[in-house]
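Atom set for the values below is all heavy atoms of this structure, side chains included, hydrogens, waters and symmetry mates excluded. Keep in mind that this is a model prediction, so the values were computed, not measured.
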Amino acid sequence: MQQREEKQLEASIDALITRVAHLKNSLHNFIFKLENEYDRLTWPSVLDNFALLSGQLNTINKLLKNEKTPSFRSQVIIPLLLSPDRDEELAKLTEQRVPVFSHEIVPDHLRTKPDPEVEEQEKQLSTEAARIGPEVAQVKV
């Protein structure tokens with residue numbers, strides 16, 4: 001039973017990695033067009049790019065919500081090796097975004113809750129939303 005679940009988790013992760021890579025590639029291509037071909041871009045082509053990105057995000061969302069996909073929330077990630085030194089392999093894997101996996105960086109990258117400031121702001125917005133009635137909220141929209 002355990003081996004089947006591990007294979008299912010691995011297959012789900014591989015599928016997710018593939019979908020995210022496609023999304024990343026499409027996003028990179030769109031940004032390139034915006035930065036380098038902005039004078040030739042037409043509004044319909046921009047909308048097409050947004051539709052493509054939206055479709056890819058929806059596909060990832062469906063993949064994550066699929067009943068055959070194991071819940072990633074129940075998976076525990078434990079850093080086995082922390083080092084203050086630059087790790088070239090890690091830098092290569094993360095496209096130079098994370099060159100070091102140290103005690104300073106781990107809490108930010110493995111955080112499961114929002115930053116305290118964001119959490120407080122969200123709480124204030126929820127309180128305000130609960131305080132005003134649906135009629136007032138409809139008028140504000």
When hydrophobic residues are tied together by side-chain contacts of less than 4.5 Å, even through go-betweens, does [X] share a cluster with [Y]?
X    : Y    : answer
I105 : L93  : no
L23  : I17  : yes
V20  : V98  : no
L64  : L9   : yes
L110 : V100 : no

Any donor-acceptor N/O pair, [X] side chain to [Y] backbone, under 3.5 Å:
X   : Y   : answer
S54 : F50 : no
N61 : L57 : no
T69 : K65 : no
D87 : E89 : yes

Working for side chain to side chain contact (heavy atoms under 4.5 Å, CB included), residues E6 and Q2:
CA-CA 6 Å; E6 285 179 17; Q2 176 112 11; 3.6 Å; yes
Is the closest side-chain heavy-atom distance between [X] and [Y] below 4.5 Å?
X    : Y    : answer
E128 : R131 : yes
P79  : F101 : yes
Q56  : S26  : yes
S83  : S102 : no

Looking at every heavy atom in both R111 and P114, which two are closest together, and how far apart are they?
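Scanning both residues completely, I find the closest heavy atoms to be CD-C, 4.0 Å.
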For V76 and I78, which heavy atoms make the closest approach, and how far apart are they?
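Closest heavy-atom pair between V76 and I78: CG1-CG1, 3.7 Å.
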Verify the neighbour count for atom [atom1] of [X]: are there more than 12 heavy atoms of other residues, nucleotides or ligands below 6.0 Å?
X    : atom1 : answer
E120 : CD    : yes
Q8   : CD    : yes
H22  : NE2   : no
F72  : CZ    : yes
E104 : CD    : no

Working to the nearest 0.5 Å, report the span between [atom1] of [X] and [atom2] of [Y].
X    : Y    : atom1 : atom2 : answer
S12  : E5   : OG    : CD    : 11.5 Å
N49  : L41  : CG    : CG    : 7.5 Å
D14  : R19  : CG    : CZ    : 12.5 Å
E35  : F30  : CD    : CZ    : 11.0 Å
L47  : L52  : CG    : CG    : 12.5 Å
E119 : K123 : CD    : NZ    : 6.5 Å

Apply side chain to side chain contact (heavy atoms under 4.5 Å, CB included) to Y38 and K33, showing your working.
CA-CA 6 Å; Y38 58 88; K33 286 178 187 176; over 6 Å; no
Apply side chain to side chain contact (heavy atoms under 4.5 Å, CB included) to residues K62 and N66 and explain how you reach the verdict.
CA-CA 6 Å; K62 286 178 186 176; N66 189 329; over 6 Å; no
Decide, yes or no, whether a salt bridge links K24 with E95 under the criterion of side-chain N to carboxylate O below 4.0 Å.
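Salt bridge flag = yes for E95 with K24.
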R86 bridged to E88 by N-O distance under 4.0 Å
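Salt bridge present between R86 and E88.
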Under the side chain to side chain contact (heavy atoms under 4.5 Å, CB included) rule, what do K7 and R4 come out as? Steps first, then yes or no, please.
CA-CA 5 Å; K7 284 186 178 182; R4 185 176 65 106; 5.8 Å; no
